[in-house]
Every structure is written in C-alpha cells, then in structure tokens.
Protein chains: 2
Amino acid sequence: MSISSRFSVAIHILCLLAINKEKATNTSEYLAGSVNTNPVVIRKVMSMLKGAGLVHVRAGVAGAELAKPLAEITLLDVYKAVNVVAENDLFSSHEHPNPECIVGRNIQQSLTKQFSAAQKAMEHSLEIVTLAEVVQDILESDNV
Amino acid sequence: MSISSRFSVAIHILCLLAINKEKATNTSEYLAGSVNTNPVVIRKVMSMLKGAGLVHVRAGVAGAELAKPLAEITLLDVYKAVNVVAENDLFSSHEHPNPECIVGRNIQQSLTKQFSAAQKAMEHSLEIVTLAEVVQDILESDNV
DNA sequence: ATAGATGTATCTATCATGGTTACAGGTAAT
DNA sequence: ATTACCTGTAACCATGATAGATACATCTAT
C-alpha cells in the first residue's frame, strides 16, 4: 500500500503556481504538462485544493493562483486538503475480533492508541515543513 | 488508503501467544477464532513472522510460540516482519514529471526528502513501543 | 498407517487508484 | 450574441492490493 500520489501532485501544482507568476498560463493543461498526467486529474486535485482554501480558481477563466503566501501553507495542509488519509485511519485494524477472548475484546483499544500516535508523529513531520521550503529546495537544486 | 490489517492481525497473534502459554493449543484455527478470520490468513501472517524470527512454528506440529521475550519485540519489528509498507514507500509520487519544467525536474528530490522524514517519524513511533506494553494494556483493560 | 497440523498455490469479490472520454456550464473577447 | 477556450464533473475502464476461501501437498506424533 501507498498513500495516493494525489498528494505529490498537489504539492507539485502549488509549487508551480508559486514559481510561475503569470496566472493566466496556469491552466489545467499546462499544469498537466509539467506533472505529466491528464488535465482532468489536475482539475480534480485543484478542486480539492480550492475546497480547502489553498487556491483560487474560477470556472471558465484560465489560470489559478495561490490563496495564501507559500510560507503559510504546510505540507500537512496540503495532505489534508487532498484527503489521502482519513482521520485516524492510516492503519487499518481487523474488525470484530472475538469478544470471548481476552485479547479479542481488548486489543482494539490498545491498537487504536498506538496507531493514532504513529499517525500523529507522521503528520507532525509534515506540519513543520512549509511550501516555501520546498520551493526554495527546488530553486537551489536547479542552480547547481 | 490504509495500511493492511495484516499488521494488526500480527500484533493480535503475538499477544495471544504471550498470554496463552499452552503452546499446543495455539493452532492456526484457534488463533483464527480469536482474530475472527480464516485459518489460512493466520498461517500466511505466521509465515512472515517466522521469516522475521519472531515466532517458532513447525510444519505438521500444532502450536506456535514466541521466539523472543515480549519486551524485546517492538511494534516496528512486527510492522517490518509483515511487510505492510515498503522501504521509503509510504508515500507514492507521480512518476516522470516533465524535465523541461523547473519544478518537474527538481521536485522528486525534494519530495523524497520530506516523505522519507515523515515515514521515519511514524516508524520511530512504532519503535518505542514493545509488545510487553501492549499486553500489559490488554490485561489492565480487562481488569476494569 | 493415521489423524491432524502447517505450508502454499490458486481463485474470487471488493475496492481504491489513475487515467480517459464526454459534456455541461462559465467567461472573456470579438 | 456568437465564439473560443476554460473549468467542473459524471461516467467508465484497466490495474493492482486486499482479505477471504478452497484445495491439497507435506510433515509429525501417536
């Protein structure tokens, strides 16, 4: 299993919006060309980013733009926007363990605790990085 | 997406092996009854746990037992044993972004860095918990 | 030899993913 | 207002992972 590439696509899009300032050229087709996918895939992701208030897009008018400064968008914001992992659902548990067994009737509570902690640790790691850092990374790599 | 319940099943099995000391009764059928699944599912998981050196099982002979003390088995050990997430593959990235775009040709390197950090944070959270704690949790919950 | 267990191969239904086509509806420019 | 071009979305498809199930080979203790 793997977390959907919708997340990486979303990051890609947002970075590109930040770098390419000419709003009107940021069409779903242009973005699809950079990501190397279908324009509809881009529009679906864009729709989620719009719903989360990260971008401004208008039906019928070419181009999208960031709704916030780069430094105010964390990777966690993007991750939540594109809904790749549901709340407390990074790990799945077997359902309906046998309540007549001591392990069966108590393990879920314990698993939930540990799984939730692990998921939070991962999400916190995403929370401390902003898109500003990612863009800077990209610019620096390109200058080498 | 969600990480396979093979992981939670594996934890369940190991806890049960620790609690039910009568080795001979720990057959795949008995374990399946507690987990509430098919005995073959149990045997598949058991096969992976055996490969990782966490349990002793012998073909043809009923029952399994832990190969190590509970306190020496971390959740990370189990997670790796059942192979639910490949190395550096918790997050998937879109492949073949456009190398003619500055974002396209540099983002993967940056994503890999961030994704790998997030995955490590999650795995570290699993590493600091041993099965001994989970079993204790189970016993305590049951005594309330 | 037999009974009962593990080890696996194989098949199935189900579901998420990513890509695609098709089209409805919005907007701006002529 | 017509046109050209864009976004928004529904619908469909191929693919791959998952969890369950059947079937059977193989092993071991009695």
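So you know, we letter chains A, B, ... as the sequences are listed, proteins then strands, and number each from 1.
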In whole Å, I'd like the distance from the [atom1] atom of [X] to the [atom2] atom of [N].
X: A/E29; N: C/dT21; atom1: CD; atom2: P; answer: 12 Å
X: B/E65; N: C/dA5; atom1: CD; atom2: P; answer: 17 Å
X: B/H96; N: C/dG19; atom1: NE2; atom2: P; answer: 11 Å

Checklist entry - Reckon B/K50 has a side-chain N or O less than 4.0 Å from the OP1 or OP2 of C/dG7? => result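 Answer is yes, contact under 4.0 Å.
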
Next on the checklist: Check this one for me: any side-chain N or O of B/T27 less than 4.0 Å away from OP1 or OP2 of C/dA5?
Outcome noted: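 Looking at the OP1 and OP2 atoms of C/dA5, neither is under 4.0 Å from any side-chain N or O of B/T27.
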
Checklist entry - Where along residues 75-94 of chain B does a heavy atom fall under 4.0 Å from DNA chain C? => result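 Result for residues 75-94 of chain B: none.
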
Item to check | Interface with DNA chain C, restricted to residues 33-48 of chain A and to heavy atoms under 4.0 Å | outcome: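 Heavy-atom contacts with DNA chain C come from A/T37, A/N38, A/V40, A/V41, A/K44.
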
To check you understand the geometry: which heavy-atom pair defines the closest contact between [X] and [Y], and what is its length?
X: A/V82; Y: A/A10; result: CG1-CB, 3.6 Å
X: A/A118; Y: B/L126; result: CB-CD2, 3.8 Å
X: B/I3; Y: B/L90; result: CD1-CD1, 4.3 Å
X: B/I102; Y: A/I19; result: CG2-CG2, 4.1 Å
X: B/N36; Y: A/P97; result: CB-CA, 4.2 Å

Side chain to side chain donor-acceptor pair (under 3.5 Å) partners for [X], two or more places apart:
X: A/E65; value: none
X: A/D142; value: B/R105, B/N106
X: A/R43; value: A/S28

Can you list, pair by pair, the side-chain donor-acceptor contacts under 3.5 Å of residues 46-53 of chain A, counting residues two or more places apart and other chains?
unit_1: A/K50; atom_1: NZ; unit_2: A/V57; atom_2: O; d: 3.4

Checklist entry - Using a heavy-atom distance cut-off of less than 4.0 Å, which residues of residues 3-20 of chain B contact DNA chain D? => result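 B/S4, B/S5, in order of number.
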
Next on the checklist: Taking ring pair (Phe, Tyr, Trp, His ring centres under 6.0 Å) as the definition, give me every residue that meets it alongside B/Y79, ordered by chain and number, with sequence neighbours left out.
Outcome noted: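 With sequence neighbours excluded, B/Y79 shows a ring pair (Phe, Tyr, Trp, His ring centres under 6.0 Å) to B/F7, given in chain and number order.
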
Checklist entry - Which residue pairs pass the side-chain hydrogen bond (donor to acceptor under 3.5 Å, both in side chains) test with at least one member in residues 3-17 of chain A, sequence neighbours excluded? => result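 Every pair satisfying side-chain hydrogen bond (donor to acceptor under 3.5 Å, both in side chains) with a residue in residues 3-17 of chain A: A/S8-B/H94, A/H12-A/S34, A/H12-B/H94.
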
Item to check | Pairs meeting criterion ring pair (Phe, Tyr, Trp, His ring centres under 6.0 Å) with involvement of residues 46-69 of chain A, two or more places apart | outcome: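 Listed once each, the pairs would be none.
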
For nucleotides 28-30 of chain C, tabulate all protein N/O to nucleotide N/O atom pairs closer than 3.5 Å, reporting atom names and distance.
unit_1: C/dA28; atom_1: OP1; unit_2: A/R58; atom_2: NH2; d: 3.2

Checklist entry - Does A/K113 have any salt bridge (charged side-chain N to carboxylate O under 4.0 Å, His left out) partners at least two apart in sequence or in another chain, and if so, which? => result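 A/K113: salt bridge (charged side-chain N to carboxylate O under 4.0 Å, His left out) contacts with B/D137.
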
